[in-house]
S.K.: 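The following block contains the structure, expressed as structure tokens.
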Amino acid sequence: MADRSGSRTVSAASTAHVLKLRGPSILDKSVVPVRASTLGSLASGVSIGSASRSSAAAQADAHLVALASWQFLFSAIISYSQNRVTGIAEFERKLSALGYRVGARLAELLPLRESLPISTSRTATGPTRQTRLLPLLLYIHTQVYKYLFGAPATALEKSTENQDEYMITDNDPILTRSIEIPKDMSQLSCMAFMAGLVEAICDGGNCQARVTAHSVPTDAFPRRTVLLVKLDASVMEREAKLG
């Protein structure tokens with residue numbers, strides 16, 4: 001994993017053109033779709049998911065656009081950020097801050113949407129929010145990832161070395177498919193954006209944590225990324241009391 005000390009620095013000149021952005025074709029309708037309503041503002045969140053054939057999903061399809069649109073937007077976010085930083089650590093902090101803004105709103109949006117009736121035969125229920133540690137992490141691993149990317153994250157694991165650390169693994173992050181990072185900057189993870197999003201949802205569930213993204217490539221999955229969730233001591237104390 002990359003160094004988490006924050007000591008990763010490079011000169012401003014070397015970050016100016018650090019990434020190669022593979023611009024998606026406007027003809028790419030291949031689709032893992034993105035919710036069109038989320039593309040207008042980062043504050044609205046981002047939703048990428050496979051479309052279902054149910055009547056409710058068919059209605060939602062009217063608000064979906066091709067994955068290429070999201071790749072174009074995220075590439076613009078990367079370009080904007082990299083020209084305003086002086087090092088890798090600052091670059092990741094900026095991406096994380098942007099992701100946090102999305103996650104904070106997503107933490108409010110998802111429980112509300114889940115509480116609304118999907119048909120006239122169902123009555124609305126009040127929105128609920130996960131506030132216990134393991135249910136919240138499972139909710140992020142499964143429900144949040146499924147809402148955003150159409151499938152759960154690859155794995156959710158607890159650290160064997162530190163009791164206050166959990167890891168969410170994504171073998172093939174959709175967010176970074178259009179981004180190539182040079183070998184000399186292999187420590188940079190543009191999934192810091194997703195780390196900020198997850199951190200906001202943890203904070204919203206009263207499970208304060210510091211979430212960082214780390215590139216852990218393998219031969220089979222060269223873009224494999226691990227989101228490391230470092231929990232606040234107060235959360236561990238509360239969970240120990242609740243049992």
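Keep in mind the model is a prediction, meaning the values are calculated, not measured. Atoms considered below: every heavy atom in the structure, side chains included; atoms not considered: hydrogens, waters and symmetry mates.
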S.K.: Can you tell me if E239 uses its side chain to pair, donor with acceptor, with the backbone of L133 under 3.5 Å?
M.R.: yes
S.K.: Would V211 and L197 satisfy side chain to side chain contact (heavy atoms under 4.5 Å, CB included), going step by step from the backbone distance to the final call?
M.R.: CA-CA 9 Å; V211 184; L197 189 153; over 6 Å; no
S.K.: Which residues pass the salt bridge (Lys or Arg N to Asp or Glu O under 4.0 Å) test with R238, not counting sequence neighbours?
M.R.: none
S.K.: Once side chain to side chain contact (heavy atoms under 4.5 Å, CB included) is applied, do any residues pair with A97, and if so which ones, sequence neighbours excluded?
M.R.: none
S.K.: Treating Ile, Leu, Val, Met, Phe, Trp and Tyr as nodes and any side-chain heavy-atom pair under 4.5 angstrom as an edge, say whether L175 and F221 lie in one connected cluster.
M.R.: no
S.K.: From K230 NZ over to E199 CD, what is the distance, rounded to the nearest 0.5 angstrom?
M.R.: 13.5 Å
S.K.: Of all residues at least two apart in sequence or in a different chain, which pass the side chain to side chain contact (heavy atoms under 4.5 Å, CB included) check with S159?
M.R.: E161, N162, E165, M167
S.K.: Salt bridge (Lys or Arg N to Asp or Glu O under 4.0 Å) with E108: which residues, sequence neighbours excluded?
M.R.: R129
S.K.: Can you list the residues that meet the side-chain hydrogen bond (donor to acceptor under 3.5 Å, both in side chains) rule with Q143, with sequence neighbours excluded?
M.R.: none
S.K.: Side-chain contact test, heavy atoms from C-beta onward, threshold under 4.5 Å: evaluate it for H214 versus S189 and give yes or no.
M.R.: no
S.K.: Run the side chain to side chain contact (heavy atoms under 4.5 Å, CB included) test against Y80 and tell me which residues pass, sequence neighbours left out.
M.R.: R84
S.K.: Just by distance, do the side chain of T176 and the backbone of I179 share a donor-acceptor pair under 3.5 Å?
M.R.: no
S.K.: May I have the step-by-step check of side chain to side chain contact (heavy atoms under 4.5 Å, CB included) for V144 and L110, ending in yes or no?
M.R.: CA-CA 8 Å; V144 173; L110 284 185; 3.9 Å; yes
S.K.: Does the side chain of L156 reach to within under 4.5 Å of the side chain of L138, using non-hydrogen atoms?
M.R.: yes
S.K.: If you take all heavy atoms of L231 and C207, which pair is closest and at what distance?
M.R.: CD2-O, 4.4 Å
S.K.: Would L109 end up clustered with Y139 when hydrophobic side chains under 4.5 Å apart are linked, directly or stepwise?
M.R.: yes
S.K.: Once you measure the plane-to-plane angle for F193 and F74, does it fall in the parallel (<30°), tilted (30-60°) or perpendicular (>60°) bin?
M.R.: perpendicular
S.K.: Can you spot which of V216, T154, V226 makes a side chain to side chain contact (heavy atoms under 4.5 Å, CB included) with N171?
M.R.: T154
S.K.: Only counting residues at least two apart or in another chain, list the ones meeting side-chain hydrogen bond (donor to acceptor under 3.5 Å, both in side chains) with N206.
M.R.: Q208
S.K.: For Y100, what residues pass the ring-ring contact (aromatic ring centres under 6.0 Å, His included) criterion, not counting sequence neighbours?
M.R.: none
S.K.: Are M194 and F149 close enough that some pair of their side-chain heavy atoms sits under 4.5 Å apart?
M.R.: yes
S.K.: Rounded to the nearest 0.5 Å, how far does CG of L228 lie from CD of E157?
M.R.: 11.5 Å
S.K.: Can you name the side chain to side chain contact (heavy atoms under 4.5 Å, CB included) partners of T160, sequence neighbours left out?
M.R.: none
S.K.: How many angstroms lie between CD1 in I168 and OH in Y145, if you round to the nearest 0.5 Å?
M.R.: 6.0 Å
S.K.: Output all residues satisfying salt bridge (Lys or Arg N to Asp or Glu O under 4.0 Å) with D172, sequence neighbours left out; order by chain, then residue number.
M.R.: R177, R223
S.K.: Looking only at heavy atoms, what is the nearest atom pair of T225 and A213, with distance?
M.R.: CG2-CB, 4.3 Å
S.K.: If I compare all heavy atoms of M191 with all of P173, which pair ends up nearest, and what's the gap?
M.R.: SD-CB, 3.7 Å
S.K.: Return yes if some donor-acceptor pair links the side-chain N/O of S81 with the main-chain N/O of I77 below 3.5 Å, else return no.
M.R.: yes
S.K.: Applying side-chain hydrogen bond (donor to acceptor under 3.5 Å, both in side chains), name anything that partners Q163, two or more places apart in sequence or on another chain.
M.R.: K158
S.K.: Quick one: side-chain hydrogen bond (donor to acceptor under 3.5 Å, both in side chains) partners of T131, sequence neighbours excluded?
M.R.: none
S.K.: Which heavy atom of G103 sits nearest to which heavy atom of I201, and what is that distance?
M.R.: O-CG1, 3.8 Å
S.K.: Given 3.5 Å as the limit, does a donor-acceptor pair link the side chain of Q82 with the main chain of F91, or not?
M.R.: no
